[in-house]
Amino acid sequence: MKTSKGETGGDDSLVIAFDDNRLLTELFGANDRNLARIEQGLGVLATSRGNKLVITGNAHARNQADRVFRDLYARLKSGQDVSPGEVDGAIRLATAPDADLDKPQGGFSRHQIQTKRRVISARSQTQGTYIEALMSNELVFGVGPAGTGKTYLAVAVAVSMLLQKRVDRIILSRPAVEAGERLGFLPGDLKEKIDPYLRPLYDALYDTLPGEQAMKGIESGEIEVAPLAFMRGRTLANSFVILDEAQNCTPVQMKMFLTRLGENSRMAITGDPSQVDLPLGAKSGLRDALDVLEGVPGVATVNFTDADVVRHPLVTRIVKAYNARERGLLGDGNK
């Protein structure tokens with residue numbers, strides 16, 4: 001793959017030549033939908049001519065497009081797919097304020113997680129920072145709005161470490177606080193009541209491991225999914241432990257959970273402080289822990305924002321709208 005400038009006779013164009021025409025259909029997408037997505041996201045015009053792609057637009061946008069196409073093409077050459085989410089991720093990485101547009105094979109090659117079902121790449125710079133933190137710290141807080149990949153990436157790193165034999169077990173947990181619902185009125189025994197509440201953790205697990213292997217791991221105890229209350233009195237050694245929806249635990253519960261950390265174990269704590277379902281006036285254990293543990297060696301905190309939302313683009317707009325309203329309410333309260 002080669003990039004050159006001005007081959008079309010103008011200074012406002014950049015030409016990318018690809019060395020494997022077989023990959024271009026997938027790179028450009030069905031009916032060139034990926035090209036259209038990149039054009040809209042970067043404000044450029046992308047025209048395909050055989051094995052070449054002509055990018056027209058201002059110099060900075062052309063360089064961003066060059067970075068996006070290099071990342072996506074490198075992904076295809078390594079045998080991975082290019083979904084609309086990956087295209088959006090490449091755009092997000094290329095348009096980050098401190099993006100290094102000259103670095104070959106940008107974000108995808110630096111921040112990847114290898115699992116049995118797929119290779120998972122960072123789709124924002126914050127996700128890349130988060131992956132690095134999970135790989136190198138014993139305790140990591142992933143804090144921010146829904147849809148930023150906090151829990152999904154933590155599960156993916158845990159699965160990767162389990163496959164590499166760096167840990168012996170994965171333990172996934174959530175506090176049993178209902179978001180406006182009552183588990184007690186649901187039919188079935190305790191497991192049947194709780195399993196639907198823990199479903200997001202199962203979803204992330206099954207997306208990174210074949211179903212049969214995930215079920216086998218759960219049955220053998222190699223993978224455990226349990227409410228926070230079940231952690232009391234235990235010492236979790238040689239494990240990757242994840243606490244999801246941590247904003248819904250109390251300070252006492254958070255201290256209990258954090259002190260379960262055993263030898264050769266790692267913990268990831270994820271949550272959104274803006275979505276607390278605790279009784280009115282109750283203090284969130286997540287907020288409390290972030291204050292208490294600030295600056296403690298071995299503890300890393302990664303803060304996500306609405307710019308890191310990697311779900312449907314409408315989710316990003318929804319999160320931004322709610323955040324704008326909350327900022328407005330806080331402003332009114334300070335008057």
Side-chain angles (χ1 to χ4, degrees), residues 75 78-80 89 107-144 148-174 198 200-226 228 230-231 234-246 257-271 289 293 296-302 304 310:
R75 185 176 178 87
S78 68
Q80 303 171 53
F108 291 121
S109 62
R110 297 201 305 278
H111 302 128
Q112 292 187 330
I113 307 166
Q114 182 73 51
T115 70
K116 276 291 183 69
R117 294 200 64 180
R118 65 188 64 200
V119 176
I120 297 165
S121 303
R123 293 186 179 181
S124 73
Q125 286 199 325
T126 308
Q127 282 197 352
T129 301
Y130 185 52
I131 291 171
E132 289 181 352
L134 290 168
M135 294 288 192
S136 56
N137 291 274
E138 293 172 314
L139 174 59
V140 178
F141 288 91
V143 182
T148 51
K150 306 181 299 295
T151 303
Y152 183 85
L153 291 175
V155 172
V157 171
V159 168
S160 177
M161 288 192 174
L162 182 68
L163 295 174
Q164 297 172 35
K165 307 296 184 184
R166 294 174 62 181
V167 296
D168 296 333
R169 291 185 300 168
I170 297 174
I171 299 172
L172 310 174
S173 186
R174 269 186 161 196
L198 300 171
L201 296 174
Y202 285 109
D203 290 343
L205 190 62
Y206 283 104
D207 203 41
T208 53
L209 281 175
E212 183 178 338
Q213 185 174 354
M215 283 300 300
K216 184 178 179 182
I218 292 171
E219 291 171 0
S220 68
E222 190 177 53
I223 300 172
E224 180 181 349
V225 185
L228 175 60
F230 288 22
M231 299 296 109
R234 302 176 62 183
T235 299
L236 308 174
N238 302 307
S239 305
F240 198 113
V241 191
I242 299 171
L243 176 61
D244 188 33
E245 298 289 348
F257 184 80
L258 292 174
T259 54
R260 301 308 94 198
L261 186 67
E263 186 178 354
N264 189 40
S265 287
R266 293 172 182 267
M267 277 189 175
I269 314 290
T270 68
L293 299 178
V296 173
V299 179
T301 300
V302 179
F304 293 83
V310 294

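Given the structure is predicted, the values throughout are model-derived calculations rather than measurements.
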Inset, instruction - Start with the C-alpha gap between L205 and L201, add the side-chain angles, then the distance that decides, and say whether side-chain contact (heavy atoms from CB on, under 4.5 Å) holds. - result: CA-CA 6 Å; L205 190 62; L201 296 174; over 6 Å; no

Inset, instruction - For Q213 and Y206, run side-chain contact (heavy atoms from CB on, under 4.5 Å): C-alpha distance rounded to whole Å, both residues' side-chain angles, the deciding distance at 0.1 Å, then the answer. - result: CA-CA 9 Å; Q213 185 174 354; Y206 283 104; over 6 Å; no

Inset, instruction - List the steps and the verdict of side-chain contact (heavy atoms from CB on, under 4.5 Å) for L258 and L139. - result: CA-CA 9 Å; L258 292 174; L139 174 59; 3.9 Å; yes

Legend entry - Criterion side-chain contact (heavy atoms from CB on, under 4.5 Å) on V167 and N238, from CA distance to verdict: CA-CA 5 Å; V167 296; N238 302 307; 5.7 Å; no

Inset, instruction - Could you go through the side chain to side chain donor-acceptor pair (under 3.5 Å) check for T208 and R118 one step at a time? - result: CA-CA 7 Å; T208 53; R118 65 188 64 200; over 6 Å; no

Inset, instruction - Mind running salt bridge (Lys or Arg N to Asp or Glu O under 4.0 Å) on E245 and R174 for me, showing each step along the way? - result: CA-CA 6 Å; E245 298 289 348; R174 269 186 161 196; 3.2 Å; yes

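Rounding to the nearest 0.5 Å gives a distance of 8.0 Å between CD1 of I131 and CD1 of I120. Rounding to the nearest 0.5 Å gives a distance of 5.5 Å between CZ of F257 and OG of S173. Within the model, atoms CD1 of I170 and CZ of F240 stand 8.5 Å from one another, a figure rounded to the nearest 0.5 Å. One distance of note links CG of L236 with CZ of R266; it measures 15.0 Å at 0.5 Å rounding. From Y202, atom OH reaches atom CD1 of I223 across 10.0 Å, with rounding to the nearest 0.5 Å. Here CD1 of I242 is found 9.5 Å from CD1 of I269. Values are rounded to the nearest 0.5 Å.
Annotation: side chain of T126 is in contact with side chain of V302 (closest heavy-atom distance under 4.5 Å). A 4.5 Å side-chain heavy-atom check between F141 and T270 finds every atom pair outside the cut-off. The side-chain heavy atoms of L209 and L163, taken from C-beta on, include a pair separated by under 4.5 Å. Considering only heavy atoms from C-beta on, I171 stays 4.5 Å or farther from R260 through its side chain. Two residues are said to be in side-chain contact when any heavy atoms from C-beta on lie closer than 4.5 Å; L153 and I113 meet this criterion.
The backbone N or O of K150 lies less than 3.5 Å from a partner atom in the side chain of Y130, making a donor-acceptor pair. At distances below 3.5 Å, not a single donor-acceptor pair connects side-chain atoms of Q112 with backbone N or O atoms of A122. Within the 3.5 Å criterion, the main-chain N or O of R123 finds a donor-acceptor partner in the side chain of Q127. Counting only distance, with no hydrogens or angles, the side chain of N137 and the backbone of A133 share a donor-acceptor pair below 3.5 Å.
Closest non-hydrogen pair, R117 versus D207, comes out as CB-O, 3.7 Å. Nearest heavy atom pair, residue Q80 against residue R75, reads OE1-NH1, 2.9 Å. In terms of heavy-atom proximity, T235 sits nearest to R169 at O-NH2, 4.5 Å. Across all their heavy atoms, G142 and F304 have their closest contact at CA-CE1, 4.3 Å.
In this structure, a donor-acceptor pair under 3.5 Å is absent between the side chains of T115 and S160. At a cut-off of 3.5 Å, with distance as the only test, no side-chain donor of E222 or S220 sits close to an acceptor on the other residue.
For E224 and R234, the salt-bridge test passes: some basic side-chain N is under 4.0 Å from an acidic carboxylate O.
Atom CD of Q164 has more than 12 neighbouring heavy atoms from other residues, nucleotides or ligands inside a 6.0 Å radius.
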